[in-house]
Amino acid sequence: NAGVTQTPKFRILKIGQSMTLQCTQDMNHNYMYWYRQDPGMGLKLIYYSVGAGITDKGEVPNGYNVSRSTTEDFPLRLELAAPSQTSVYFCASRLQGSNEKLFFGSGTQLSVL
Amino acid sequence: AQSVSQHNHHVILSEAASLELGCNYSYGGTVNLFWYVQYPGQHLQLLLKYFSGDPLVKGIKGFEAEFIKSKFSFNLRKPSVQWSDTAEYFCAVNAQGGKLIFGQGTELSVKP
């Protein structure tokens, strides 16, 4: 099992550019999440999904969009990148149930200059 | 809206000292509670979790946490810390149908 695969690992964007962060999991998890991690701020939830076709806003959704057309994939779209979106982004997934362990991708370090 | 607050941003302890990290959440309904640890350069790892039953839960590496419903708290404890416990600790709450919110984290530094 590959677990949660997140690409790219690093990216530099210019202000106003757009990009998509890819996230794929092969564990048949129904829940998927996008977080951003900034120093001293912990992990902030951007968007989450409880299953294919269902997405919902988290704590800091502005400037981002997601889709969940399949159980496996949960891409995060940045439109009109801004310096405030410089951060480390983590995709995560888990299976609803008694275990509830969260599996993380390796992260994407994004700089917007 | 659900939220999680961790009181301490940075805690410095000597080895063998006792540890207690505070975590409070806001949500009136049923919650699932978690503590995660992030060692330098690594992903978050699950330390322990509370779903129901005994409010005192034990996790890995000698950590435990107590859920006090009346105080909306889920504090993390360890009787005697080690240098290897140096890490960042995150409290998390799952309340509204899958939405998992993390606190801002507490950095723990243990002096040998």
Side-chain angles (χ1 to χ4, degrees), chain A residues 2-6 9-10 23 25 27 29-61 66 68 71 74 87-109, chain B residues 1-11 21-27 30-53 57 59-60 74 76 87-109:
Chain A
V4 180
T5 302
Q6 192 180 330
K9 292 189 185 302
F10 303 95
C23 178
Q25 53 89 12
M27 299 172 282
H29 286 174
N30 50 343
Y31 290 171
M32 294 189 74
Y33 304 85
W34 275 106
Y35 293 93
R36 58 177 288 172
Q37 185 174 22
D38 302 292
M41 300 296 290
L43 280 81
K44 293 294 186 183
L45 180 63
I46 304 171
Y47 272 94
Y48 68 107
S49 168
V50 299
I54 305 169
T55 63
D56 209 344
K57 295 178 180 179
E59 302 169 277
V60 289
V66 294
R68 185 92 182 271
T71 299
F74 190 43
S87 187
V88 180
Y89 292 84
F90 288 98
C91 178
S93 73
R94 65 185 175 126
L95 186 64
Q96 182 185 12
S98 60
N99 188 4
E100 298 276 6
K101 181 180 176 181
L102 197 62
F103 290 80
F104 284 90
S106 56
T108 297
Q109 190 168 326
Chain B
Q2 78 190 74
S3 65
V4 182
S5 177
Q6 292 181 237
H7 316 301
N8 315 100
H9 293 289
H10 191 188
V11 173
L21 301 182
C23 173
N24 285 89
Y25 67 93
S26 65
Y27 186 72
T30 302
V31 293
N32 297 329
L33 299 158
F34 307 83
W35 274 98
Y36 281 83
V37 59
Q38 187 175 31
Y39 298 102
Q42 297 186 25
H43 293 169
L44 273 72
Q45 300 175 33
L46 181 65
L47 271 179
L48 47 80
K49 59 184 185 285
Y50 172 80
F51 285 2
S52 63
V57 293
I60 61 171
F74 190 55
L76 180 71
E88 192 157 16
Y89 293 80
F90 296 91
C91 181
V93 174
N94 173 33
Q96 302 162 255
K99 187 177 184 180
L100 184 59
I101 300 291
F102 284 82
Q104 67 268 45
T106 297
E107 185 179 348
L108 172 65
S109 299

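Per chain, numbering begins at 1; letters A, B, ... match sequence-line order.
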Working to the nearest 0.5 Å, report the span between [atom1] of [X] and [atom2] of [Y].
X: A/E59; Y: B/K99; atom1: CD; atom2: NZ; result: 7.0 Å
X: B/N94; Y: A/Y48; atom1: CG; atom2: OH; result: 9.0 Å
X: B/Y36; Y: A/L102; atom1: OH; atom2: CG; result: 4.0 Å

- line: Most contact-rich option vs chain A, by heavy-atom pairs under 4.5 angstrom, among B/L44, B/V4, B/T106, is B/L44
message: Shorter than 4.5 Å, heavy atoms on both sides: which option in B/H9, B/Q38, B/E107, B/Q42 has the most such pairs with chain A?
response: B/Q38
task: Indicate the ring-plane relationship of A/F104 and B/H43, choosing parallel, tilted or perpendicular according to the 30° and 60° boundaries.
output: tilted
message: Run the ring-ring contact (aromatic ring centres under 6.0 Å, His included) test against A/Y33 and tell me which residues pass, sequence neighbours left out.
response: A/Y35
Least distance between heavy atoms, B/F102 atom then A/L43 atom: CB-O, 3.7 Å
- prompt: Where does A/S106 contact chain B at under 4.5 Å (heavy atoms): side chain, backbone, both or neither?
  reply: both
message: Can you tell me which portion of A/L45 sits under 4.5 Å from chain B's heavy atoms? Options are side chain, backbone, both or neither.
response: side chain
- request: May I have all residue pairs that pass salt bridge (charged side-chain N to carboxylate O under 4.0 Å, His left out) and include part of residues 31-42 of chain B, sequence neighbours excluded?
  value: none
Residue, of A/G58, A/A92, A/G107, A/G105, that accumulates the most heavy atom pairs under 4.5 Å with chain B: A/G105
